[in-house]
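Here is the structure we will look at, set down as C-alpha cells.
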Amino acid sequence: MRRHGGGVAGRDRIDKGEGMIVKDLHGRTIDYMRISITDRCNLRCKYCMPQGIQQVSMNELLTYEEIETVCREAVKLGIRKFKITGGEPLVRKECTSLIRKIKEISGVEQVTLTTNGILLKEHLDAFLLAGLDAVNVSLDTLEEKRFEEITGFTGLRSVLSAIDAALECGLRVKVNTVLQPGINDGEWNRFVELAKSRELDVRFIEMMPIGAGRSCSVVSNKELLSKIQEAYPGVEKDERIHGNGPAVYYRIPGILGSIGFISAIHGVFCDHCNRIRMTATGELKPCLCFQDSISIRKALREGNREDVRTLIAEAIHRKPKMHCFEQLQQITENKKMVQIGG
Ligand code: SAM
Ligand code: SF4
C-alpha cells in the first residue's frame, strides 16, 4: 500500500491548526500529547530499560477504550496531536486499532507513533489503513554487533528494512538517534549518509538525565553540528515545519533528508514546549523532568468524563516554566524512560 502527499507542504497545513487553542500559565500553546500504551518492550536499551524493572500488571494499564476517552476529553481542551509510544507500542496487541479509533475522533489532526522498528514492517499496511500520519523509528547504530550491544537483541536488518518499507508506502519517517561517547558517537556521519538518498529526517537526541540515562555521558549537539558543518560544506538551517517537537533542522547539499537536533541539555527548548504526557497506567505528566503527576485512572474507571477533562486541564496548568536537566540534583523524576515513553 502507498500513501501520497506526505511531503513538507502537507506538514505545514497540519501544523497550522484551527479551532480552540489552550495556553498554559507560561503562555505556551499545549496541543500535543504523548501517550504510552505499555511499559513492556522487546528490546533492552541500557539507557532506557535497565535490568530489574518491575512491570505493571495488565489491570493497571489503561484499556484502549480508556485511552480513547482520554483523547476525546483532551481534544476538548485543544490537544490535537497524539503520539503513541511505550515501552514498545507494537508489543501491545491491536495497537493499530487504537490509532484508527483516535484518528476517528473529531478534532484530531495527527496521530503518530514512535517505535524501535522491529515489528513495524509487518504492521505497516494496518497502520496505513488506520490513518497513521508519521512514524519515528529509534535507531542508535548501523552496525549489527553494536545494535546487539546497545539493545540486547539482534534486529538491525529488520529495522532498516522497515524504514525503507515505510518510506515506500509514503509514510513520513524520522529516525531518532541517541549518541553516546565511546559507544556510537563515531557513527554520526553514517546517520547523515542514511539520509543521503532517503527523504527522512535523522534527528540526534541528546541523552537526558532520566532513569538510567542519568549515569550516561552526553554527546553535545552543538559540537556535533560543528563536526557536520566541517565535513559537509553548505549546511543551512531548514525552516520548514517538520513535526510537533523541539528539533532544530538543517539541510545539507547532496543529502535528500534533513538532519535534526533535539538538544535537551545544550539548548533549552522549554519556551516552545507544547506537550503533556500520559504513562500507560494513566499518570499525566506535566514535565519530563519532575516527578509531579496526576492519576487519571480512577476518574476514567468511574466513568466520570468531566473529572477526566478537569485532570487533563490541571496537568496543563501545572506545567513548569522549564526543565532543570543541567542541575541534576533538582531532577525529581525517578521513573525510567521506558515507563514514561520518551
Ligand atoms: N520503544 C519506542 C522507541 O524506542 O522509539 C518508544 C519508547 S522509547 C522510550 C522513546 C525514545 O526515548 C527512544 O528514541 C529512546 O532512544 C529515547 N530515550 C530513552 N531514554 C532516553 C534518555 N535517557 N535520553 C534521551 N532519549 C531517551
Ligand atoms: Fe525499548 Fe524504546 Fe526503550 Fe529501547 S528505547 S528499551 S526500544 S522502549
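If you read the sequence from its start, that first residue is 1, and numbering goes on from there. Computed over heavy atoms, backbone and side chain alike; hydrogens, waters and symmetry mates excluded. What you see is a predicted model, and the numbers here were worked out from it, not measured in a lab.
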So does [Y] get a backbone contact from the side chain of [X], meaning a donor-acceptor N/O pair under 3.5 Å?
{"X": "Thr38", "Y": "Pro89", "answer": "no"}
{"X": "Lys174", "Y": "His242", "answer": "yes"}
{"X": "Glu88", "Y": "Asn116", "answer": "yes"}
{"X": "Arg203", "Y": "Asn136", "answer": "no"}
{"X": "Arg277", "Y": "Glu283", "answer": "no"}
{"X": "Glu144", "Y": "Gly155", "answer": "yes"}
{"X": "Asn274", "Y": "Thr29", "answer": "no"}
{"X": "Arg214", "Y": "Leu328", "answer": "yes"}
{"X": "His317", "Y": "Ile312", "answer": "no"}
{"X": "Glu60", "Y": "Ser57", "answer": "yes"}

Quick check for you: to the nearest 0.5 Å, what is the distance between [X] atom [atom1] and [Y] atom [atom2]?
{"X": "Cys289", "Y": "Met208", "atom1": "SG", "atom2": "CE", "result": "10.5 Å"}
{"X": "Leu167", "Y": "Ser197", "atom1": "CG", "atom2": "OG", "result": "10.0 Å"}
{"X": "Ile163", "Y": "Leu194", "atom1": "CD1", "atom2": "CG", "result": "6.0 Å"}
{"X": "Ser226", "Y": "Asn221", "atom1": "OG", "atom2": "CG", "result": "10.5 Å"}
{"X": "Ile265", "Y": "Glu206", "atom1": "CD1", "atom2": "CD", "result": "6.0 Å"}
{"X": "Lys321", "Y": "Cys287", "atom1": "NZ", "atom2": "SG", "result": "12.5 Å"}

Carboxylate-amine/guanidinium proximity below 4.0 Å for [X] and [Y]:
{"X": "Asp24", "Y": "Arg318", "value": "no"}
{"X": "Arg146", "Y": "Glu187", "value": "yes"}
{"X": "Glu143", "Y": "Arg190", "value": "yes"}

With side chains defined as the heavy atoms from C-beta onward, is the minimum distance between [X] and [Y] less than 4.5 Å?
{"X": "Thr154", "Y": "Phe147", "value": "no"}
{"X": "Leu288", "Y": "His323", "value": "no"}
{"X": "Lys23", "Y": "Ile316", "value": "no"}
{"X": "Leu62", "Y": "Met278", "value": "yes"}
{"X": "Arg305", "Y": "Arg72", "value": "yes"}
{"X": "Asn334", "Y": "Gln291", "value": "yes"}
{"X": "Tyr249", "Y": "Asp201", "value": "yes"}
{"X": "Thr114", "Y": "Ser138", "value": "yes"}

- Message: Other residues, nucleotides and ligands only: do more than 12 of their heavy atoms fall within 6.0 Å of CD on Glu223?
- Response: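 No, the 6.0 Å shell around CD holds no more than 12 heavy atoms from other groups.
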- Item | Greater than 12 external heavy atoms within 6.0 Å of Gln327's CD |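 Atom CD in Gln327 is crowded, with more than 12 foreign heavy atoms closer than 6.0 Å.
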- Task: Not counting sequence neighbours, which residues clear side chain to side chain contact (heavy atoms under 4.5 Å, CB included) with Thr310? List them please.
- Result: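 Result, side chain to side chain contact (heavy atoms under 4.5 Å, CB included) vs Thr310: none returned.
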- After noting the C-alpha distance and the side-chain angles of Lys101 and Cys71, does the key distance pass the side-chain contact (heavy atoms from CB on, under 4.5 Å) rule? CA-CA 10 Å; Lys101 281 183 182 152; Cys71 295; over 6 Å; no
- Query: Where do Ser258 and Asp238 land on the side chain to side chain donor-acceptor pair (under 3.5 Å) test, with the steps shown first?
  - Reply: CA-CA 8 Å; Ser258 295; Asp238 181 358; 2.9 Å; yes
- Item | Check against salt bridge (charged side-chain N to carboxylate O under 4.0 Å, His left out), Arg198 and Asp164 | CA-CA 8 Å; Arg198 292 176 177 87; Asp164 283 332; 2.7 Å; yes
List the atom pairs, with distances to 0.1 Å, where a side-chain N or O of residues 117-124 and a protein N or O form a donor-acceptor pair under 3.5 Å, not counting sequence neighbours.
unit_1, atom_1, unit_2, atom_2, d
Lys121, NZ, Ser161, OG, 3.3
His123, ND1, Leu119, O, 3.0

What are the two closest non-hydrogen atoms of [X] and [Y], and how far apart are they?
{"X": "Asn184", "Y": "Asp140", "value": "ND2-O, 2.8 Å"}
{"X": "Tyr47", "Y": "Ala212", "value": "O-CB, 3.6 Å"}
{"X": "Pro320", "Y": "Pro286", "value": "CD-CB, 4.3 Å"}
{"X": "Phe204", "Y": "Trp188", "value": "CZ-O, 3.8 Å"}
{"X": "Leu128", "Y": "Cys169", "value": "CD1-CB, 3.5 Å"}
{"X": "Met322", "Y": "Phe290", "value": "O-CE1, 3.7 Å"}

- Task: Please test Arg301 against Glu66 for salt bridge (charged side-chain N to carboxylate O under 4.0 Å, His left out), starting from the C-alpha separation and ending with a verdict.
- Result: CA-CA 8 Å; Arg301 297 207 166 158; Glu66 287 165 344; 2.8 Å; yes
Same cluster for [X] and [Y] if Ile/Leu/Val/Met/Phe/Trp/Tyr side chains link at under 4.5 Å?
{"X": "Tyr32", "Y": "Val248", "result": "no"}
{"X": "Val111", "Y": "Leu77", "result": "yes"}
{"X": "Val338", "Y": "Ile150", "result": "no"}
{"X": "Leu43", "Y": "Val175", "result": "yes"}
{"X": "Leu156", "Y": "Met49", "result": "no"}

- Task: Starting from the C-alpha separation in whole Å, work towards a yes-or-no answer on side-chain contact (heavy atoms from CB on, under 4.5 Å) for Thr112 and Lys81.
- Result: CA-CA 8 Å; Thr112 57; Lys81 301 164 194 170; over 6 Å; no
- Message: Is the distance from the ring center of Phe261 to that of Tyr250 below 6.0 Å?
- Response: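 Aromatic pair counts; centres sit under 6.0 Å.
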- For salt bridge (charged side-chain N to carboxylate O under 4.0 Å, His left out), just list the numbers for Lys76 and Glu73, CA-CA rounded to whole Å, side-chain angles, deciding distance to a tenth of an Å, and then say yes or no. CA-CA 5 Å; Lys76 292 178 191 160; Glu73 297 310 313; 3.0 Å; yes
- Message: Listing request: all salt bridge (charged side-chain N to carboxylate O under 4.0 Å, His left out) pairs with a residue in residues 329-342, at least two apart in sequence or in separate chains.
- Response: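 Only Lys285-Glu333 qualify under salt bridge (charged side-chain N to carboxylate O under 4.0 Å, His left out).
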- Would Arg100 and Leu129 satisfy side-chain contact (heavy atoms from CB on, under 4.5 Å), going step by step from the backbone distance to the final call? CA-CA 8 Å; Arg100 183 174 42 78; Leu129 280 173; over 6 Å; no
- Item | Asp39 and Gln55: CA distance, side-chain angles, deciding distance, side chain to side chain donor-acceptor pair (under 3.5 Å) verdict | CA-CA 7 Å; Asp39 64 338; Gln55 290 178 336; 5.3 Å; no
